[in-house]
Amino acid sequence: MKLEKISNPARVLIFDADYEEKTFYQIIEKILEEFPFTWNKKKVLVKPNILGPYPPEKGVTTHPILVKAVVENLIKRGAYVVVGDNPGIGGYGMAEKAASETGILDASLGCYKNIGHNVVRHKISSDHIDYISVAEDVLDADIIVNLPRLKTHSLTYFTGAVKNTFGYIVGGDKTLIHSKANNPKKFAAALVDIYQVRPPSLNIMDAVTAMEGNGPSNGSIRKIGKIIASDNAVTLDTVAVNLIGISTESVPHLHIAGKRGLGETDFSKIQLNEMIVPYKDFQFPSTFIPGISGIIFNLFLYRYIYKIPQINKKKCEACGICIEHCPVDGIKLTGEFPVINQDKCIRCYCCQEMCPEDAVLLFGRTINFLRNLKAKFKK
């Protein structure tokens with residue numbers, strides 16, 4: 001279905017904001033005026049980030065005030081709204097639990113749906129995966145409104161509008177994709193392949209607070225005070241990474257998306273309603289190396305410099321979540337605590353991402369680099 005809208009793929013709007021309902025509602029009204037769609041009687045999927053059952057103050061998920069403001073504005077315009085995501089954490093009833101604890105269930109004003117109940121096996125054009133299990137609501141929606149959170153990510157370095165579409169995937173296919181696209185460069189390509197299945201129509205990023213450090217679930221909260229919006233997810237993410245002080249070339253999936261012509265990744269060519277001042281001290285994951293050397297190391301020397309995940313026994317509660325979410329079955333409960341098989345580990349850091357206790361440590365780049373070089377020259 002062709003949508004009626006005015007589109008400028010190199011346009012991004014930035015608004016000052018705090019978590020106050022009236023302010024948010026007015027900002028969303030302005031965004032919907034500036035990026036006009038025909039909303040009346042359209043099926044609209046509102047796609048927040050619901051990584052897991054985290055309260056809003058943890059900064060892991062999209063804030064419920066943003067969700068509520070979007071839903072209220074869309075209902076007012078006559079849209080048929082569904083709010084849904086496929087949380088990273090699995091298990092019966094976990095989608096509803098995550099929606100409830102994040103505050104998004106109540107914020108959805110009766111429009112929340114467990115979109116993982118209706119699944120389509122969808123063929124995909126990709127070098128790494130042939131089919132994906134995708135929520136039917138993703139494919140059936142007339143319009144998708146994407147509500148990402150600005151965060152760092154130990155595998156992809158940055159997670160925003162493009163990465164939020166990984167939530168289209170249902171169930172065990174997420175771990176399957178990690179196992180098949182088993183390094184940052186391959187996963188970045190697979191992520192863009194999934195994004196291309198259904199690029200969101202409108203993207204509104206929660207950057208009132210951001211997560212820095214070892215995101216996407218165990219980093220630190222940083223006040224940014226912004227809402228960022230665009231009808232192109234790649235273009236929006238380009239502005240977001242420049243805001244936190246890095247370039248799109250440093251983020252593999254954005255670099256790939258730009259080369260495929262999926263959005264503007266040259267920051268100088270993007271039309272902004274206000275200028276931004278990049279943060280110079282934003283903290284990135286310990287897996288990330290900044291600058292030109294980082295681009296070379298992260299893309300080509302990853303196998304020698306990767307961080308080694310290990311269990312912090314002082315924090316570990318032996319809940320088994322890391323075991324359940326390891327895509328290569330590389331973690332076993334040995335005695336009281338999980339043990340990571342370093343020979344099987346593909347350094348996807350799903351264990352670190354999903355651990356609710358922040359009990360997975362990432363360290364050892366230099367030692368591991370030298371150890372692997374030594375082993376290489378011995379052959």
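Every heavy atom of this structure was used, including side-chain atoms; hydrogens, water molecules and symmetry mates were not.
From S217, atom OG reaches atom CE of M354 across 7.0 Å, with rounding to the nearest 0.5 Å. Here K186 contributes atom NZ and C348 contributes atom SG; the two are 13.5 Å apart, rounded to the nearest 0.5 Å. Atom-to-atom distance recorded for T248:OG1 and I256:CD1 is 12.0 Å, nearest 0.5 angstrom. Atom-to-atom distance recorded for C350:SG and I321:CD1 is 13.0 Å, nearest 0.5 angstrom. From Y168, atom OH reaches atom CD1 of I194 across 10.5 Å, with rounding to the nearest 0.5 Å. In this structure, CH2 on W39 lies 13.0 Å from NZ on K76, to the nearest 0.5 angstrom.
Looking at heavy atoms from C-beta onward, C351 lies in side-chain contact with I331 at the 4.5 angstrom threshold. Between N312 and E357 there is no side-chain heavy-atom pair separated by less than 4.5 Å. Looking only at side-chain heavy atoms (C-beta outward), D193 and R260 come within less than 4.5 Å of each other. Taking 4.5 Å as the limit, some side-chain heavy atom of R121 sits within range of a side-chain heavy atom of S133. No side-chain heavy atom of T238 sits less than 4.5 Å from a side-chain heavy atom of E264. For the pair K332/D329, a side-chain contact is recorded, criterion being any heavy-atom separation below 4.5 Å from C-beta on. Annotation: side chain of S179 is in contact with side chain of V328 (closest heavy-atom distance under 4.5 Å). You'll find the side chain of D237 reaches within 4.5 Å of the side chain of M205, heavy atoms only.
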Quiz item: Can you check salt bridge (Lys or Arg N to Asp or Glu O under 4.0 Å) on D173 and K180, steps first, answer last?
Solution: CA-CA 10 Å; D173 271 19; K180 290 190 173 184; over 6 Å; no
Exercise. Determine, step by step, whether Y157 and I246 satisfy the side chain to side chain contact (heavy atoms under 4.5 Å, CB included) criterion, reporting the C-alpha distance in whole Å, the side-chain angles of both residues, the deciding distance to 0.1 Å, and the verdict.
Key: CA-CA 10 Å; Y157 314 131; I246 58 173; 5.8 Å; no
Exercise. Mind running side chain to side chain contact (heavy atoms under 4.5 Å, CB included) on K151 and V60 for me, showing each step along the way?
Key: CA-CA 8 Å; K151 299 187 292 182; V60 177; 4.0 Å; yes
Exercise. Evaluate the salt bridge (Lys or Arg N to Asp or Glu O under 4.0 Å) criterion for residues K226 and D16: first the C-alpha distance (whole Å), next the side-chain angles of each, then the deciding distance (0.1 Å), finally the verdict.
Key: CA-CA 5 Å; K226 302 291 183 183; D16 294 330; 2.5 Å; yes
Quiz item: Would K315 and D358 count as a salt bridge (Lys or Arg N to Asp or Glu O under 4.0 Å) if you check the C-alpha gap in whole Å, the side-chain angles of each, and the deciding distance to 0.1 Å?
Solution: CA-CA 7 Å; K315 289 187 175 182; D358 192 18; 3.6 Å; yes
Quiz item: Going through the distances and angles, do Q310 and Q342 end up as a side chain to side chain contact (heavy atoms under 4.5 Å, CB included)?
Solution: CA-CA 9 Å; Q310 294 195 17; Q342 298 296 335; 4.1 Å; yes
Practice problem: Begin from the C-alpha positions of D281 and R222 and carry the test salt bridge (Lys or Arg N to Asp or Glu O under 4.0 Å) through to its verdict. | Solution: CA-CA 11 Å; D281 60 346; R222 179 76 174 263; 2.7 Å; yes
Exercise. In sequence, state the C-alpha distance, the side-chain angles, and the governing distance for E96 and N114, and then conclude on side chain to side chain donor-acceptor pair (under 3.5 Å).
Key: CA-CA 7 Å; E96 287 81 1; N114 185 343; 3.0 Å; yes
Exercise. List the steps and the verdict of side chain to side chain donor-acceptor pair (under 3.5 Å) for Y19 and D206.
Key: CA-CA 10 Å; Y19 290 127; D206 178 0; 2.8 Å; yes
Exercise. Determine, step by step, whether K68 and E21 satisfy the side chain to side chain contact (heavy atoms under 4.5 Å, CB included) criterion, reporting the C-alpha distance in whole Å, the side-chain angles of both residues, the deciding distance to 0.1 Å, and the verdict.
Key: CA-CA 8 Å; K68 184 179 179 183; E21 283 196 34; 3.2 Å; yes
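With hydrogens and angles disregarded, no donor-acceptor distance shorter than 3.5 Å links the side chain of T61 to the backbone of T102. In this structure, the side chain of T209 does not engage the main chain of I221 through any donor-acceptor pair within 3.5 Å. Not a single donor-acceptor pair under 3.5 Å links the side chain of Q271 to the backbone N or O of R11. Of the possible polar contacts, one joining the N86 side chain to the G167 backbone as a donor-acceptor pair under 3.5 Å is found. A side-chain donor-acceptor contact under 3.5 Å links T152 to the backbone of G213. Judged by distance alone, the side chain of S108 and the main-chain N or O of G110 form no donor-acceptor pair under 3.5 Å. No donor-acceptor distance shorter than 3.5 angstrom exists from the side chain of K47 to the backbone of P200, with no hydrogens or angles considered. In terms of modelled atom types and a separation under 3.5 Å, the side chain of N49 and the main chain of N164 share no donor-acceptor contact. Looking at D137, its side chain never comes within 3.5 Å of a backbone N or O of L45 through a donor-acceptor pair. A distance-only check finds no donor-acceptor pair linking the side chain of D85 to the backbone of P87 [under 3.5 Å].
V170 and I144 fall into different hydrophobic clusters, where Ile, Leu, Val, Met, Phe, Trp and Tyr side chains are chained together by heavy-atom contacts under 4.5 Å. In the hydrophobic clustering of this structure, Y25 does not group with V70; members are Ile, Leu, Val, Met, Phe, Trp, Tyr whose side-chain heavy atoms approach within less than 4.5 Å, directly or through other members. Hydrophobic clustering (side-chain heavy atoms under 4.5 Å, transitive across Ile, Leu, Val, Met, Phe, Trp, Tyr) groups I65 together with I75. No path of Ile, Leu, Val, Met, Phe, Trp and Tyr side chains, each step under 4.5 Å between heavy atoms, connects F166 with V119, placing them in separate hydrophobic clusters. A single hydrophobic cluster is seen to contain both V360 and I323, as judged by linkage of ILVMFWY side chains at heavy-atom distances under 4.5 Å, directly or through other members.
The two atoms that bring I276 and V239 nearest to each other are CD1-O, 3.9 Å, heavy atoms only. When all heavy atoms are compared, the tightest approach of A240 to L150 is CB-CD1, 4.2 Å. L333 approaches P338 most closely through the heavy-atom pair CD1-N, 3.6 Å. Considering every non-hydrogen atom in both N232 and G263, the closest pair reads OD1-CA, 3.5 Å. Shown here for C345 and I340, the closest heavy-atom pair between the two residues is CB-CG2, 4.3 Å. Between S286 and N214, the shortest heavy-atom contact is N-OD1, 2.9 Å.
Of the residues listed (L66, L13, T62, V67), the one engaging I204 in a side chain to side chain contact (heavy atoms under 4.5 Å, CB included) is L66, and it is the only one. Exactly one of H153, H253, H178 qualifies for a ring pair (Phe, Tyr, Trp, His ring centres under 6.0 Å) with F187. That residue is H178.
Remark: E336 CD is loosely packed, at most 12 non-hydrogen atoms of other residues, nucleotides or ligands lying under 6.0 Å away. The number of heavy-atom neighbours closer than 6.0 Å to CZ of F337, taken from other residues, nucleotides and ligands shown, is above 12.
Relative to the six-membered ring of F37, R77 misses at least one condition, a distance below 6.0 Å or an angle of at most 45° to the axis.
Taking the six-membered ring for Trp and the full ring otherwise, the centers of F284 and F282 sit less than 6.0 Å from each other.
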